[in-house]
Each structure stands twice: as structure tokens, then as C-alpha cells.
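Written out below as C-alpha cells is the structure these notes cover.
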Amino acid sequence: MTIEELDAYIKDYTKNDKTNRAVMLTAPWGSGKTYYIKNELVPSLKKDGIGAILVSLYGIESLAELSKNLYIEARAKWINKKSEKREIGKIIAKTIVKNVVGHYGIDLSVDEKDMQKLYESVNLSKRLIILDDLERSRIDIVDVLGFVNDLCEQDGAKVLLVANEKAIKTYEKKESISQDGKKSTDLVMTKECEQYVRIKEKTIGDTITFFENKKNVIKGILENYDNRYFKWFLKETADSSYNIVAKISDIMYMNKSKNYRSLLYACQKTDDIIRKLSKSDYDYDNDFIENLFLGSVAYLTKETFGTVWEGDDNISASLGVVAYPLYRVMYDYINSQIFNEHSLKTMQELFSRAKMVSELDEYLQKIYSCDTCAEVEIVEAIDKLEEGLEKNILPDSDFIKLANYLIFAKGIIGCEKKIDNCLKLMLSNARTLTEKGNKIATESFSGIQLETKEEWNAFDQFKQEIKNISNKRYEVDKNDYSADGLSAFYDKIIKERASFINYGGFAKHLDIPMLLEQIKNSTAEEIQRMRRIFMSVYREFSNINEYYKGDLDNLRALYDGIDKINENPGTLDKVQKKQLQWFSLNLDDVIKRLEQ
């Protein structure tokens, strides 16, 4: 049954039903029943001149309390301030609800014993009583149905009960033995359930299962919030086929969730953050706020909501979803009401960078297809590449491949100034990467055939500069030739052993005079550490001359230098001298192996 068909059915029931029975609308919790009632059904009834008296049974403890709430809801909504204020004052002489002032400044409370009499004064014609959350009432459900039965039979009222009937119908296991002695276990209704079914048959006519229009419910929930980001989301909804509504729908489908209360909670928490940001001068990106919001939706609609955040990461795909991870800043606000705007700004900057990288990648593909793309597309792609490089943004570190295509494109379309600047910026970006300890490729396994000698020379020169930049990663800190400094250099080698071996050498990268000067001022323990570092490097391979041949000259210079220190030890004690003797023996062994 569509929403329109359901509206029409309930209107027809309210106007024409003669059975003196209620109807029930049932669906699981969080499926959008209450949203439908408030935002779809009640306005639709009003258009047809039908009033709605909506009361939630959640937490109500007695029929007297229910009667009171019904009376106030039915009567107060229809009071005209000027014409009925005095009349109501005469009808009700006592207080209906203690310490609560009536809607129009009048005390509307009476003794609970008089509540049923007062209720009779309410005109129920052309009105539908809607009792929501039946299963959450604290009154016995059988008593509620008896009350509803009296409303329908005695007062001729029309009543719509809204419930999750699966939560009302309870079952238990019952064992039985057949005549041939076989045992079996069946699920049977509990006594309370049997009693509910019996009185339901008398009280309720039709039971309708509610099937929500998911997209309308999602859109309606978003429309409840008046902030510029949600308005932008909804504007995009009109302009795009894969919009915010579709994205939320997909997230809920992935999480196997139909709980719109969780979506509403995600909206509220995001709206809270947005209102806090309204006081900030920082300009947050629409796409970032959308990503932040959708990560929260993913988290709150998961069955694992409440899982403890583990680790130091700022985002979690496991708590959100891969496309829309949960941000730590939202996790903290949802679970602890702690908001860290500095953290949010940091994540915005990281998100913006990733977004630019993604956008730049699209233009890179055009450069890699420069032999088939239109000239105008290649020129646009080079412009975008230059902008990205100026911001030190590049989707990958394959500078060699990109340089190859840029040099080829220059030979076809020109753009010399821009392409030369791109090549220059790429070298600058490569230096920045290596300074941060990142590895860059010095070879490329794909490219395009260059045509002229000038192009090949430019390409070879670029490759050599990239190699020079890459090689600097393996240089020891010239300001620190202590045991700690050498140890840090050695750790770098161990971490990237394969690249280092291809680069060739260990001692060849050392400033031997500076190292000897450091040795003169080292303790015995520090000399031992230096010696062990050298031995760790050269003992790994039996055929060391294949990998470390380039170290021979520097090792000889180090050996000679240590011998000279031993001959003129100055302030070195005997233990230090012994360490240096062992160092010499170790170096002599390595040198002989390299000379073979």
C-alpha cells in the first residue's frame, strides 16, 4: 500500500466506517511510522477537514493519565483565545496538571476522578484519535484495548493504533510427546499473547503493515533542519541522480537498517556541530561537511553503534563505511559531547587535499592519453597539473612517467613555459617528499616513445636529477657522526634494504674525516657500537664485492685513519685503544673480501 493509498484508506475509515472498531498500523521500531503520522497523515487529514488527536502511549502508566492527555490534546488545540477562554475557565475549576499552566494562561487541571466526565465533553466528530507507541505503554495492553473498545463502541470514536506488533506478540517454547513417544518442541503464544489476540479480534478491524517511502522519509527528515549545509544537500538532490538521499539510502541498506530515529540523531548531532561552526571565521567545504555527516549516519545506523574507538587514527572505515568513514571528532561529540574544532579543521584540510588529488588524477589521465586527446583537453590538463604541483599535490610519485609524457606533449602542442615549469615543480615536490622520508621512483615501466634527440636529452636529464634527489635519502646526517647518528642511518638502510643495495654502498656515503674526528671523541662503548654497525652491514652477504665495491676507497681511508689514531692516541685510554684495534681488524677483513 502506497502512502497515498494509506492516506485514502484512513480518511475513508474516519468518515464512513460503521463497525465501531479501531484500525492498527504496524511496523518495526524506527521504520518511520511516527514520521509518517506527523508529517504525512495529519496534514493530509487536515486538508479534508478531519482533525487528529495524537497521543503517544510511551511511558503512560494509567487510563486516567491517558484520558487526561487525550482531553488536553483534543480540547486545547481547538480553543479560540477570545471566544473560549472564559468558557473553559467555567468548565474547569480545578488544576488538570499540577504546576503546569494551560495553553492559554488558564489552569486546566482537575481531580483525576472527574477526568472521564470531562472527557465526555469533547466533541469527537470528524476527528481521528491516534494512539502511538502501543507496545511502549506501561498500562497493560489488554486494558488499553478495552479502553479503545469503549471509545469506539460507546462514543463512536475513530481510533488508529500505531504499534510494533512483533514486540507485543510473545511466544514460548513448549515440549510435547506424541503417541509414539517422540518429543518435539514448538513455539506457542504466551498466555498474555493469547489474551491480547482475543481482545484484539473484538477491538481492531484491519491491521495494516506500514511500508515507508524511504526516499520521502529521508528527505523529510533533512528538511527539518534549517542550516546552509543541509539546504545545499537538498539542492544537490534536485540536481543530481546520486544525491544525499540516495547516499543515505545506500548506507542504511548496507547496514541493514531501517531505523530512521538513528538517522534523525545523526542529523541532530551534525546540526549541533554546524551551529557551533557558525561562530567561526573558518570556511568549511560543503563536500567535507557532507562526508562528516554521512560517516555519522553510517556509524549510528550500524548495529555496532557504541563500539569503542581503537587506535590513534582520525577516521575509521570499520565504524563508518569505506566510502564514508566515521571521523574521530564526530565520534567524540556523539559519545562524549566533546567538540574539538582544531581537529575538525585539520580533517577539513586533509579532506580538501585528498579531494584535489582525486580531481587532479582525472587530468593526469588526459596527459597520459595526449596522443589521442583533443589539444584543448591537453592544455586544460596541463593547467590543472601546474596548479596542483604549485600546491605540492600529486596523486602518485611516478615523476619519471609524467615527465616522459609532458616532454612528448611539448613536442606536439608547445606550451613550453608551462610544461618546463611543471617539470621544475615536480623536482621541487620530489625533494619535499624525500626530505619527509618518502620513497620516490627513479625508474618507470611505462611511457611513450619520444621522437627527437632534444626530447631524449631533456628526459635523461630529468631522470638523473630525480635519481640525485632520491640518493640523498641515503646520506647520513653530516652534522651527526656519533654512534647514534650512524645507528639512525643504519636503521634507514635496514628499513629499505632492497632500495639501498640497488643504490650501492654504505661507506661511500660517509664523510671519513668527519667520522674519524668523531671517533677521537667517542667512548669505548660508542666505538663498539660504531664497529658493530659496520660489521652488521658487511657480514650480511658472502659476495659483498657485488654490492659494496664502491665502498672500498672510503673503507681504506677509514682503516688508515684509525691506525693513525692508534699511533697517536692522545687522551684515549687502553679500553678505547683496544676497541680501535678490533675496529681495524674488522675493517681489514672487509677490505680483503672486497679486493678478491
Side-chain angles (χ1 to χ4, degrees), residues 434 439 441-443 460 463-596:
T434 55
K439 184 163 57 177
T442 57
E443 298 291 343
D460 288 340
K463 286 199 297 182
Q464 187 57 52
E465 290 189 59
I466 285 290
K467 285 182 180 179
N468 293 341
I469 291 169
S470 178
N471 290 345
K472 288 186 178 294
R473 300 174 62 246
Y474 303 116
E475 292 181 0
V476 67
D477 184 350
K478 288 182 170 54
N479 296 316
D480 190 2
Y481 271 79
S482 64
D484 288 338
L486 287 177
S487 180
F489 182 44
Y490 176 70
D491 289 343
K492 187 189 295 186
I493 293 170
I494 294 301
K495 186 177 179 182
E496 301 177 37
R497 185 180 302 277
S499 298
F500 185 81
I501 289 171
N502 289 333
Y503 176 48
F506 173 75
K508 70 184 258 186
H509 305 297
L510 303 177
D511 185 322
I512 299 303
M514 188 174 290
L515 176 58
L516 289 167
E517 195 62 34
Q518 181 68 46
I519 288 172
K520 292 178 184 178
N521 297 294
S522 296
T523 64
E525 188 271 337
E526 288 171 335
I527 296 170
Q528 182 189 54
R529 285 175 62 197
M530 291 181 189
R531 185 168 63 83
R532 286 178 175 175
I533 288 170
F534 271 78
M535 294 308 96
S536 296
V537 171
Y538 295 108
R539 281 178 178 170
E540 181 165 357
F541 301 102
S542 58
N543 56 335
I544 61 171
N545 56 352
E546 185 176 334
Y547 300 102
Y548 297 115
K549 194 74 173 178
D551 284 356
L552 196 52
D553 290 342
N554 269 13
L555 287 171
R556 286 169 177 160
L558 180 60
Y559 177 83
D560 292 341
I562 290 175
D563 271 357
K564 288 179 181 178
I565 295 172
N566 273 324
E567 291 172 4
N568 300 287
T571 59
L572 295 182
D573 63 23
K574 293 179 180 179
V575 179
Q576 289 168 306
K577 287 198 294 183
K578 191 63 179 176
Q579 282 292 340
L580 286 176
Q581 289 171 11
W582 287 334
F583 204 164
S584 292
L585 290 172
N586 296 146
L587 290 172
D588 183 57
D589 177 62
V590 173
I591 290 167
K592 286 177 180 177
R593 289 169 63 197
L594 284 171
E595 289 175 335
Q596 290 177 359

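- Shown here are the salt bridge (Lys or Arg N to Asp or Glu O under 4.0 Å) partners of D588, two or more places apart in sequence or in another chain: K592.
- Summarising the geometry, atom CD1 belonging to I562 is positioned 4.5 Å from atom CD1 belonging to I519; distances are rounded to the nearest 0.5 Å.
- The closest donor-acceptor contact from the side chain of N521 to the backbone of E517 lies under 3.5 Å.
- Closest heavy-atom contact between I527 and Q576: CD1-O, 4.1 Å.
- For the atom pair CD of Q579 and CD of E526, the computed distance is 11.5 Å after rounding to the nearest 0.5 Å.
- Remark: N554 engages no residue in a side-chain hydrogen bond (donor to acceptor under 3.5 Å, both in side chains) (not counting sequence neighbours).
- Legend: salt bridge (Lys or Arg N to Asp or Glu O under 4.0 Å) pairs involving residues 553-580, not counting sequence neighbours, sorted by first then second residue: D553-R556, R556-E595.
- Here L558 contributes atom CG and L587 contributes atom CG; the two are 5.0 Å apart, rounded to the nearest 0.5 Å.
- Residues V575 and A524 share a closest heavy-atom pair of CG1-CB, 3.6 Å.
- Atom CE of M530 and atom CG of L580 lie 10.0 Å apart (nearest 0.5 Å).
- Distance check: L515 CG to F534 CZ gives 5.5 Å after rounding to the nearest 0.5 Å.
- Counting only residues at least two apart or in different chains, ring pair (Phe, Tyr, Trp, His ring centres under 6.0 Å) contacts with residues 557-582 are absent.
- The closest side-chain donor-acceptor pair between D460 and Q464, if any, does not fall under 3.5 angstrom.
- One finds the CZ atom of R531 at 5.0 Å from the CG atom of N586 (value rounded to the nearest 0.5 Å).
- Annotation: side chain to side chain contact (heavy atoms under 4.5 Å, CB included) contacts of A557 (sequence neighbours excluded): I512.
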